[in-house]
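This report refers to the structure that appears directly beneath it.
Reminder, nothing fancy here: chain letters follow the sequence lines and each chain counts from 1.
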Number of protein chains: 2
Amino acid sequence: MQQLIRESSLFREVSAQGLNQVLGSGILRSVEGGGFYFMQGDPAAHAYVLVSGRVKMVQIAPNGQQITLRIMTPGQTFGGIAILQPQAGYPATAQAEEDSAAMAWDTAHLRELAKTEPSISLNAMQLMHGYITELQERQQALVTGRVEQRIARILLKLAADSGKKTEDGILIDIPLTRQDVAEMSGTTLFTVSRTMSEWERNGLLKIGRERVIIREPHGLVKIADDLAR
Amino acid sequence: MQQLIRESSLFREVSAQGLNQVLGSGILRSVEGGGFYFMQGDPAAHAYVLVSGRVKMVQIAPNGQQITLRIMTPGQTFGGIAILQPQAGYPATAQAEEDSAAMAWDTAHLRELAKTEPSISLNAMQLMHGYITELQERQQALVTGRVEQRIARILLKLAADSGKKTEDGILIDIPLTRQDVAEMSGTTLFTVSRTMSEWERNGLLKIGRERVIIREPHGLVKIADDLAR
DNA sequence: TTTTCTATTTGCGCCAGCGCAAAGACAAAT
DNA sequence: ATTTGTCTTTGCGCTGGCGCAAATAGAAAA
């Protein structure tokens, strides 16, 4: 657990004594599956490092449609904007997908810590930079790519993040509904189902209820990178 | 000019002596219309504050299609990620739309300055947070909204940023081609033309070559916010 | 086993928006 | 006034992907 914090994206490179302060000033929060750490727009009062479980960052559009931004695994940071004035609202909602726990630091402590440990600020910026890059890539895909490509990319990304090798291919080791994939790729449940079924017929995937195994990553990559439009 | 820097998004709230250092360590670069301050992927060596002219931030997709992220006006910061390790590449390309000039600071100086003036780090984070919010909003619009809505929003945003009141309505005070609008709203030149012509017929807009006047902002807002889909 | 609940598939119809091509309208240069 | 180059409009045809509804299939509970 200390290990996890020390290597977390927010506190890596923090000195030994700094780390003690960090550990001392954080509090542990646990949220059961389906619950929320915070909702989009809430004043950004805490930054979190996930300790156990899985947490989904989602956005909810005015019309109620959901967009899943990312699925976090232990060690990852969310709500990092809390370093700024808490007036800044959280830009997304953090929902636990299963029972989970996370360490939390409030704005005041964070700023205090950042004063003596500048790497915290840098880490936070690094994180934000990462989000920006990711968002831009996604936006690019949305504008320039076909739905098919977007789905392929999401599957590959999931495989990279939580893939496990099996004899059949790479298993995406999270319960994953077609709806989930749709929310991540900006399309509908139906289109995802049709597309993935097609891929199963071609032998690219092996799919089951809430399960995806990638048989031929290479084939997916080819689809994802295909320039033709 | 000092005025501009003092009030810029990157250096606001910096102390008087800090500001002197800032002014001393920056260099002035000018780029003629069509030229580039930097290209997407270049190592992020400098952060800039625009002094004069207009600069467009664009992304170029693998297939060559362009996405315009924002159009900067004097006082705004671009390339702010340079505070991080320059290994981080710029996430977008900065192209001058007309003859322009900008103050530039390199990574080493920035970090030095940030050490004594912590507000610089905070400003940078604030900036990044702004981008993230903007990108997320745009992504949401891309996924959930109709093309019509996206165009309406872009026009409203442009009006907010560079609108000038005239007797006919709000003039968007930048030369703006249909292609530009298309790149910002993630659609095509043709669709933009058709949509805007329609709006002109309905009296919402008055349009000309590279010119847009919003006659009834309220009508556009209604389209932009319309939940029906 | 049977029931119940939720996830998934699939047929069908539909239309928003794309892409091309050709014509028209401006603005600046000659 | 004429030319040249760029921006804009518009007709036409096409199709990817959406949305609904009904059927099917798994998994878990009873």
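If you check dC12(D), dT8(C), dC12(C) against the side chain of E210(A), the one that comes closest is dT8(C). When each of dC12(D), dA7(C), dC7(D) is scored by its nearest atom to the side-chain atoms of T177(A), the top-ranked nucleotide is dA7(C). The side chain of I207(B) approaches dT9(D) more closely than any other nucleotide in the set dG17(C), dG19(C), dT9(D). Ranking dC20(D), dT10(D), dC18(C) by closeness to the T187(B) side chain, first place goes to dC18(C). Nearest nucleotide to the T188(B) side chain, out of dC18(D), dC18(C), dA21(C): dC18(C). Nearest to the side chain of S193(B), among dG11(D), dT10(C), dT9(D), sits dT9(D).
Atom CZ in R178(B) sits roughly 11 Å away from atom P in dC26(C) (whole-Å rounding). In this structure, E198(B) atom CD and dG11(D) atom P are separated by 12 Å, rounded to whole Å. Rounded to whole Å, the distance from CD on Q179(B) to P on dC18(C) is 12 Å. One can place CG of L189(B) at 8 Å from P of dT8(D), the figure rounded to the nearest angstrom. E200(B) places its CD atom 15 Å from the C1' atom of dT10(D), with the value rounded to the nearest Å. Separating the CD atom of E148(A) from the P atom of dG16(D) is a distance of 10 Å, rounded to the nearest angstrom. Distance CZ (F190(A)) to C1' (dG11(C)): 12 Å, rounded to an integer number of Å. Distance, N63(A) CG to dC18(D) P: 14 Å, rounded to whole Å.
The base of dG16(D) is not paired with the side chain of R150(A) by any donor and acceptor separated by under 3.5 Å. Taking only distance into account, the side chain of R194(B) meets the base of dG11(D) through a donor-acceptor pair shorter than 3.5 Å. You won't find any donor-acceptor pair under 3.5 Å spanning the side chain of R211(A) and the base of dG26(D), going by distance alone.
Take the nearest nucleotide of DNA chain C for G186(B) and for S197(A): the residue whose nucleotide is more 5' is S197(A). Checking V192(A) against R209(B), the closest nucleotide of DNA chain D that is more toward the 5' end is the one next to R209(B).
Residues S185(A) and K157(A) form no side-chain contact, since every pair of their non-hydrogen atoms from C-beta on lies 4.5 Å or further apart. In this structure, the side chains of Y90(A) and Q40(A) stay at 4.5 Å or more apart for every pair of heavy atoms. For the pair L135(B)/Y131(A), no side-chain contact is recorded, criterion being any heavy-atom separation below 4.5 Å from C-beta on.
The aromatic rings of F78(B) and F38(B) sit tilted, their planes meeting at an angle between 30° and 60°.
Between R153(A) and E137(A), no side-chain nitrogen of the basic residue sits less than 4.0 Å from a carboxylate oxygen of the acidic one, so the salt-bridge criterion is not met.
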